[in-house]
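Here's the structure we're looking at; comments come further down.
Both backbone and side-chain heavy atoms feed into the values below; hydrogens, waters and symmetry mates do not. Counting from 1, the numbers follow the sequence of the chain as shown.
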Amino acid sequence: SFNAAYYVGPYCASQGGTIYLGVFTDDACTTFADNSGGRETYYQLAGDDLPYGKANLVDMDCFSCQEPAENNNDGNDAQDADTVADVCETIYTAAGKCESN
């Protein structure tokens, strides 16, 4: 229905290793708009493919989360008790979690 409210949001693939964008009928992004993760609904409404509807939203390139001893963000990073870079702590805290355990 073209008068219905739709929401775009991320969801975890069934195996948990990939994050896609989907179209949902609720603002909590729990109910897909169709059986294809909302891709068909998006195409009908926008006339184009849903970005990241079939491609991983997250880049799989890795970077180190180890706090560097010599370059600690001008003294603003290595002041806590752990050895994890603040950027990694912040990203993990705010991230959606796909793991089930």
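- Residues Y11 and R39 share a closest heavy-atom pair of OH-NH1, 4.2 Å.
- Y7 OH: more than 12 foreign heavy atoms inside a 6.0 Å radius.
- Distance check, rounded to the nearest 0.5 Å: CG of D49 to OH of Y42 gives 9.0 Å.
- Closest of all the heavy-atom pairs between T25 and A33 is CG2-CA, 3.7 Å.
- T31 OG1 to D26 CG: the interatomic distance, rounded to the nearest 0.5 Å, is 4.0 Å.
- Residue P10 comes nearest to L57 through the heavy atom pair CB-CD2, 4.3 Å, listed as atom of the first residue, atom of the second, then distance.
- The side-chain heavy atoms of L45 and Y6, taken from C-beta on, include a pair separated by under 4.5 Å.
- The aromatic ring centroids of F32 and F24 lie less than 6.0 Å from each other.
- Contact of the Y43 side chain with the S36 side chain is not registered, since no non-hydrogen atoms from C-beta on lie closer than 4.5 Å.
- Using a distance-only test at 3.5 Å, with no hydrogens or angles considered, no donor-acceptor pair links the side chain of N56 to the main chain of T18.
- Contact between C88 and S64 at its shortest, heavy atoms only, is SG-O, 4.3 Å.
- For T41 against V23, the heavy-atom pair with the smallest separation is CG2-CG1, 4.4 Å.
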